[in-house]
Protein chains: 2
Amino acid sequence: MMAITGWQAARDEALRRIRARDWPPGSRIPDEADLAAEWGVARATVNRALRDLADAGYLDRRRKGGTRVPVTPVRMATFAISIIRHDIEARGQVPGYRLLSDRIAPVPEALHAQLGAGAMRHVVALHTADGAPYCLEDRWLAPRIAEGIRFDTLSANEWLVGNVSFAEGTLAFHAIAADDALVRALACAPGAALLALDRETRDLAPITWVRLVYAPGYRMETGL
Amino acid sequence: MMAITGWQAARDEALRRIRARDWPPGSRIPDEADLAAEWGVARATVNRALRDLADAGYLDRRRKGGTRVPVTPVRMATFAISIIRHDIEARGQVPGYRLLSDRIAPVPEALHAQLGAGAMRHVVALHTADGAPYCLEDRWLAPRIAEGIRFDTLSANEWLVGNVSFAEGTLAFHAIAADDALVRALACAPGAALLALDRETRDLAPITWVRLVYAPGYRMETGL
DNA sequence: GAGTGGTCTAGACCACACG
DNA sequence: GTGTGGTCTAGACCACTCG
């Protein structure tokens with residue numbers, strides 16, 4: 001009888017057994033009632049612990065089928081998406097911001113699938129860290145959103161997070177080569193490889209589409 | 001009195017109020033006991049619902065301080081990290097694999113911080129989708145791991161996921177320009193911008209460091 | 001000190017999936 | 001049908017933190 005107290009201790013013990021191959025990949029582990037008895041806790045506590053591990057990809061749980069250690073676990077990497085200024089501050093650098101362009105323009109054909117055809121507000125701005133280019137924000141915004149709001153000093157990124165957040169959307173990382181506009185904005189070499197993050201936000205109708213292009217060498221990091 | 005049944009319904013109702021600004025950003029929401037009474041459920045049910053929203057970044061919860069709607073919510077984007085072959089299959093393409101190199105070699109200086117100095121097993125392999133290059137796997141592996149295992153037909157990626165997974169590590173996305181080796185392996189233009197994923201896995205000692213470089217145009221996507 | 005979320009418990013019923 | 005996880009309940013105590 002192990003001395004387990006609390007769902008986190010139960011989770012840790014279960015994870016230990018998984019890592020130690022006490023519960024080998026592909027095997028079925030004891031059911032909740034058995035573990036509850038063995039560890040001297042309530043079944044709800046075991047449930048919380050195993051559910052937590054299942055959420056992290058360490059276990060596969062199925063009604064009637066029991067709980068199994070997956071043969072090929074699917075781990076989830078998570079990235080916090082927030083306000084660019086906060087990211088810069090978190091790195092211990094001084095954030096800066098400069099609006100480069102803000103006008104109504106026809107949506108490029110490449111974005112018709114996301115935004116539809118027609119005209120939208122196009123906002124381009126540069127975020128800096130310690131005065132050096134950090135990230136270029138290239139955004140298309142539905143005109144009904146942020147009507148009358150100026151992005152001279154407050155970035156669209158920050159205004160939207162505070163006012164239109166809580167909406168659905170998609171997100172993608174990819175790499176792009178620096179074109180003329182990026183060379184000017186980020187002060188990098190032509191053709192430089194840059195990390196880009198595309199984010200689409202929609203409610204019922206499209207709200208905004210934004211591409212953040214980071215300065216050369218930028219790494220988007222996380223634990224695992 | 002709302003008719004709420006189940007923690008998911010409670011979560012949905014809470015999220016609706018957040019999105020509708022019934023609970024505006026920065027405001028404090030009723031405490032668990034009040035919501036439990038209002039919704040006709042147990043406090044544990046409200047707790048589960050609000051904890052779920054807090055985990056997703058929609059709420060800020062503090063003992064004694066109560067639960068608040070954050071002014072600048074931090075959303076989490078999650079990417080499933082698994083077996084490359086499965087990613088290809090999930091796209092409806094036929095996966096392929098070719099081992100390019102497998103030998104003991106000195107660890108490059110750039111990786112001393114992650115792996116230490118000395119010699120390690122260096123494995124380079126190409127993953128293909130419908131015959132076209134999909135991703136180059138460039139891996140350094142501690143010699144004690146996978147001793148005697150050949151990666152001719154089974155990729156190191158797949159062997160490791162099944163045998164050394166469940167370990168800690170870090171992960172980073174960045175962009176790199178195609179050098180000669182990448183041009184040959186991925187059949188892309190010199191200097192092409194490519195998405196790269198660096199992953200370090202360690203137990204107590206380093207286990208493996210791998211860089212996956214994807215073919216041009218690749219996008220790592222997720223919902224939000 | 002006291003209010004609020006965090007958690008545990010014991011019991012119960014339900015939903016799903018496997019045989 | 002039956003076993004297993006999923007969830008709910010009511011009550012309780014604890015831990016943190018704000019005033």
Side-chain angles (χ1 to χ4, degrees), chain A residues 1-15 17-18 22-71 73-74 76, chain B residues 1-15 17-18 22-71 73-74 76:
Chain A
M1 167 89 72
M2 303 288 305
I4 296 290
T5 160
W7 71 269
Q8 303 187 27
R11 181 200 55 196
D12 292 346
E13 169 61 12
L15 183 52
R17 295 187 183 187
I18 293 169
D22 289 347
W23 294 338
S27 67
R28 179 165 169 187
I29 76 173
D31 63 34
E32 295 185 347
D34 290 349
L35 287 173
E38 180 189 344
W39 291 337
V41 297
R43 182 166 81 91
T45 303
V46 175
N47 180 277
R48 174 88 188 264
L50 298 186
R51 180 159 42 78
D52 192 72
L53 289 174
D55 288 344
Y58 285 114
L59 289 174
D60 245 359
R61 320 195 74 201
R62 311 177 66 169
R63 286 170 150 113
K64 168 68 177 174
T67 299
R68 292 178 172 278
V69 181
V71 177
V74 177
M76 302 299 285
Chain B
M1 168 89 72
M2 305 287 306
I4 295 291
T5 159
W7 70 269
Q8 302 187 28
R11 181 201 54 195
D12 292 347
E13 170 60 14
L15 183 54
R17 294 187 184 187
I18 294 169
D22 290 346
W23 293 338
S27 67
R28 179 166 169 186
I29 76 172
D31 63 34
E32 296 186 346
D34 289 348
L35 288 173
E38 179 188 346
W39 290 338
V41 297
R43 182 167 79 94
T45 303
V46 175
N47 180 276
R48 174 87 189 264
L50 298 187
R51 181 158 41 79
D52 193 71
L53 289 174
D55 288 344
Y58 285 113
L59 289 174
D60 243 0
R61 319 197 74 202
R62 310 177 69 168
R63 284 170 152 114
K64 166 69 177 176
T67 299
R68 292 177 172 279
V69 181
V71 177
V74 176
M76 302 299 286

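Chain letters run A, B, ... following the sequence lines, proteins first, then strands; residues in each count from 1.
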Asker: Touch check for A:T5, heavy atoms < 4.0 angstrom, all strands: base, sugar-phosphate only, or nothing?
Answerer: nothing
Asker: When you check the phosphate oxygens OP1 and OP2 of D:dG6, does a side-chain N or O of B:Q8 lie under 4.0 Å from one of them?
Answerer: no
Asker: For the CD1 atom of B:I4 and the CD atom of B:E13, what is their distance to the nearest 0.5 Å?
Answerer: 5.0 Å
Asker: I want to check one thing: is the phosphate of D:dG5, taken as OP1 and OP2, less than 4.0 Å away from some side-chain N or O of A:N47?
Answerer: no
Asker: Check DNA chain D against residues 27-34 of chain A and give the residues with a non-hydrogen atom under 4.0 Å, in numerical order.
Answerer: A:R28, A:D31, A:E32
Asker: Taking C-beta and beyond as the side chain, do B:R61 and B:N47 meet within less than 4.5 Å on heavy atoms?
Answerer: yes
Asker: Below 3.5 Å is the cut-off: list the nitrogen or oxygen pairs between protein and nucleotides 15-19 of chain C, distance only.
Answerer:
residue, atom, partner, partner atom, Å
C:dA15, N3, A:R63, NE, 3.1
C:dC18, OP1, A:R62, NH2, 3.1

Asker: Within the sub-3.5 Å range, which N or O atoms of nucleotides 11-13 of chain C have a protein N or O partner, and how far apart are they?
Answerer:
residue, atom, partner, partner atom, Å
C:dA12, N6, A:R43, NH2, 3.0

Asker: Rounded to the nearest Å, what distance is computed from the CG atom of residue B:L59 to the P atom of nucleotide C:dG6?
Answerer: 11 Å
Asker: Taking only the side-chain nitrogens and oxygens of B:T67, find out if one of them lies under 4.0 Å from OP1 or OP2 of C:dT4.
Answerer: no
Asker: Can you name the one residue among B:T67, B:V46, B:T45 that meets side-chain contact (heavy atoms from CB on, under 4.5 Å) with B:L35?
Answerer: B:V46
Asker: Between A:G57 and A:P73, what is the shortest heavy-atom contact and its length?
Answerer: O-CB, 3.6 Å
Asker: Could you walk me through whether B:D52 and B:R11 pass the salt bridge (Lys or Arg N to Asp or Glu O under 4.0 Å) check?
Answerer: CA-CA 7 Å; B:D52 193 71; B:R11 181 201 54 195; 3.5 Å; yes
Asker: Roughly how many Å is it from CG in A:D52 to P in D:dG5, rounded to a whole number?
Answerer: 16 Å
Asker: Just how far, in rounded Å, is P of C:dT4 from CZ of B:R68?
Answerer: 12 Å
Asker: B:V71 and B:G26: which non-hydrogen atoms are nearest, and at how many Å?
Answerer: CG2-CA, 3.7 Å
Asker: Atom CD1 of A:I4 and atom P of C:dC8: how far apart are they, to the nearest Å?
Answerer: 11 Å
Asker: Report the residue from B:R51, B:R43, B:R63 that forms a salt bridge (Lys or Arg N to Asp or Glu O under 4.0 Å) with B:E32.
Answerer: B:R43
Asker: On DNA chain C, compare the nucleotides closest to A:T45 and B:R61; which residue's is nearer the 5' end?
Answerer: B:R61
Asker: Please give me the minimum heavy-atom distance between A:W23 and A:V69, naming the atom from each residue.
Answerer: O-CG2, 3.6 Å
Asker: Which heavy-atom pair separates A:L50 from A:A14 by the least distance, and what is that distance?
Answerer: CD2-CB, 4.1 Å
Asker: A:Y58 versus A:P70: any side-chain heavy-atom pair under 4.5 Å?
Answerer: no
Asker: Rounded to whole angstroms, how far apart are CH2 on A:W39 and C1' on C:dA10?
Answerer: 19 Å
Asker: Rounding to a whole Å, what distance do you find between B:R48:CZ and D:dG6:P?
Answerer: 9 Å
Asker: Start with the C-alpha gap between A:T5 and A:V41, add the side-chain angles, then the distance that decides, and say whether side-chain contact (heavy atoms from CB on, under 4.5 Å) holds.
Answerer: CA-CA 7 Å; A:T5 160; A:V41 297; over 6 Å; no
